[in-house]
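What follows is a short report on a single structure.
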Amino acid sequence: MNVEKILNDLEKKHPGEVEYLQAVREVLESIKEVYEQNPQFESAAIIERLVEPDRILSFKVPWVDDQGKVQMNLGYRIQFNNAIGPYKGGLRFHPSVNLSILKFLGFEQIFKNALTTLPMGGSKGGSDFNAKGKSDGEVMRFCQSFMLELWRIIGPETDVPAGDIGVGGREIGFLYGMYRKLAHENTGVLTGKGRGWGGSLVRPEATGFGNVYFANEMLKTKGASFTGKTVCVSGFGNVAWGAVRKATELGGKVVTISGPDGYVYDPDGVKGEKIDYMLELRASNNDVVKPYADKYGVKFVAGRHPWEVKCDIALPCATQNELNKEDALALIKNGCTCVCEAANMPSTPEAIEVFHKAKILFAPGKAANAGGVATSGLEMSQNAMKLSWSAEEVDARLHQIMKDIHQQCVINGKQADGYVDYVKGANVAGFLKVANAMVDQGVI
Ligand code: NDP
Ligand code: 2IT
């Protein structure tokens, strides 16, 4: 496989889509060897068919603000691949959203969902809507207008959206209400629903919990655990909240959280009611984390990333490319031995190279944050059965799924010297499952 040629051709077709090309490059470089060992992939043109989405729906989202003024946003849904199950993936509402970002997320989602062991294809969607400073009524009218277009191409057996950045329980509620009215049916068409109307227990916590379960599996391979460890977390949203909770529960001390404005350093640890306060802060429709530092009288470092703080374990939980080469070098210098990505693609390729060279434990988001979508899959199962499981049952299944994903990474990523390349492991395991399904099902 000529990775450079494929990427050059893709760049000509999709100029400037840097995040998408970054995600494709990483996967192609990892799977090159296994691809070349399986000539049936080449004859079925698997790569050419896998790197392009099945279809992209792009639409406008007009809505009326509280002053009666008409506002306009852009909306998208990218259905990438459904070889192993219905399209499945989150919706992101953030002003930075564009096609490149949603394509990278949709592409990653294919392999992540394959790793969960559940039957889910990959998709992603969203809008450049900025919730900052908006009232609940404005968010509702925006969500309703968004669903007015989206509902045509989704369905419980077709494409099942969920949350991502800027889309939490409140937005899923507004989106679901509108879908129910338009489709005249009450089905599990979205996941992350409220507990009283088809949602699953543990889904809000699942990405962060799953991430910490995965990190714990990695630590176990070195005879280590979270107990007594200092942990740096970035972000202060849904995923960061779950990760902080579980890392603390397992005996770690989380000393940072962060926002686009900078990071908070809390040497006593983010714990107890301070974790609940993270939820309040996130729900305030502000994008600043500084109020945490003001409230608890701890240090706030403006405009910087938390990776300069000394820690044993780093859990990036904010967004793509938030951890660069300098950050990676600082982590290594300060003795960090485990970086477990909870966000999607938070480490730049140069940062990953630093981690691999230093031979520390490093897990990519598509493996280590799969607990969120896996629990969405469990929500779909419960909806299909019209039953709901207890929190203990969902959590036990989530825990087992994360252990299985870890195992798949070890099997496919172990190097001759025993070092586990979790990036390779995750990409190879996810790719093989999808590519084999595509070969089995013919050229469609
Ligand atoms: P939230 O909206 O709850 O929180 C996201 C956090 O990241 C906020 O602190 C947000 O600040 C910050 N952030 C977003 N964009 C930027 C940016 N461009 N620069 C700096 N900071 C930014 O989202 P989630 O916690 O759900 O998502 C966090 C990460 O986890 C994302 O990468 C997401 O794709 C990934 N993920 C989410 C899953 C889920 O189930 N929710 C599952 C698997 C992965 P602000 O928005 O205020 O700018
Ligand atoms: O990136 C992700 O895996 C998510 N945002 C969750 C997707 C889902 O369908 O639950």
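Counting convention: from 1, in listed order, for ligands and their atoms alike. Here, residue 1 is the first one in the sequence, and each next residue gets the next number. Since this is a predicted model, take the numbers as computed values, not measurements.
Heavy atoms of G90 come nearer than 4.0 angstrom to ligand 1 in no pair at all. Contact between R203 and ligand 2 is present, with at least one heavy atom of the residue lying under 4.0 Å from the ligand. Contact between G377 and ligand 2 is absent, with no heavy atom of the residue lying under 4.0 Å from the ligand. In this structure, K124 counts as a contact residue of ligand 2, since one of its heavy atoms falls inside 4.0 Å of the ligand. Assignment of M345 to the shell around ligand 1 is not supported, since no heavy atom sits closer than 4.0 Å.
With a heavy-atom cut-off of 4.0 Å, P346 does not touch ligand 1 at all. Residue-level proximity to ligand 1 for T207 is carried by the side chain, the only part with a heavy atom below 4.0 angstrom. Under 4.0 Å from ligand 1, not a single heavy atom of K132 appears. Contacts with ligand 2 closer than 4.0 Å are made by no heavy atom of T375, backbone or side chain. At a heavy-atom cutoff of 4.0 Å, ligand 1 is contacted by no atom of E322, backbone or side chain. Looking at R92 against ligand 1, only its side chain comes within 4.0 Å, counting heavy atoms.
In this pair, F431 and F111 present their aromatic rings tilted. The plane angle is within the 30 to 60° band.
Summary of contacts: the protein heavy atom closest to atom 41 (N) of ligand 1 is N238 OD1, 3.6 Å. Taking atom 29 (C) of ligand 1 as the reference point, the nearest protein heavy-atom neighbour is A318 O, 3.2 Å. The single protein non-hydrogen atom nearest to atom 40 (O) of ligand 1 is R203 NH2, 2.8 Å, given as residue, atom name and distance. The closest protein non-hydrogen atom to atom 10 (C) of ligand 1 is R282 NH2, 4.1 Å. The single protein non-hydrogen atom nearest to atom 5 (C) of ligand 1 is I165 CG1, 3.9 Å, given as residue, atom name and distance. Here the protein heavy atom with the shortest distance to atom 19 (N) of ligand 1 is T319 CG2, 3.9 Å. In this structure, atom 47 (O) of ligand 1 lies nearest to the protein heavy atom D287 CB, 2.6 Å. Regarding atom 21 (N) of ligand 1, its nearest protein heavy-atom neighbour is P260 CG, 3.6 Å.
Here is the list of ligand 1 atoms found below 4.0 Å of a heavy atom in C317: 28 (C), 29 (C).
Side-chain contact check for P53 versus I56: some heavy-atom pair is nearer than 4.5 Å. Between K229 and K253, every side-chain heavy-atom pair lies at or beyond the 4.5 Å cut-off. At a threshold of 4.5 Å between non-hydrogen side-chain atoms, the residues E185 and P156 count as touching.
Note that CE of M218 and CD1 of I313 are 8.5 Å apart. Values are rounded to the nearest 0.5 Å.
In summary, of the residues considered (E19, K112, Q320, K366), a side chain to side chain contact (heavy atoms under 4.5 Å, CB included) with N344 occurs for K112 alone. The only member of N211, N216, L219 that meets side chain to side chain contact (heavy atoms under 4.5 Å, CB included) when paired with C340 is N211.
Q67 pairs by the side chain to side chain donor-acceptor pair (under 3.5 Å) definition with nothing, not counting sequence neighbours.
Considering both main-chain and side-chain atoms, G166 comes within under 3.5 Å of ligand 1 through a nitrogen or oxygen pair. The distance criterion of under 3.5 Å between nitrogen or oxygen atoms is not met by G372 with respect to ligand 1.
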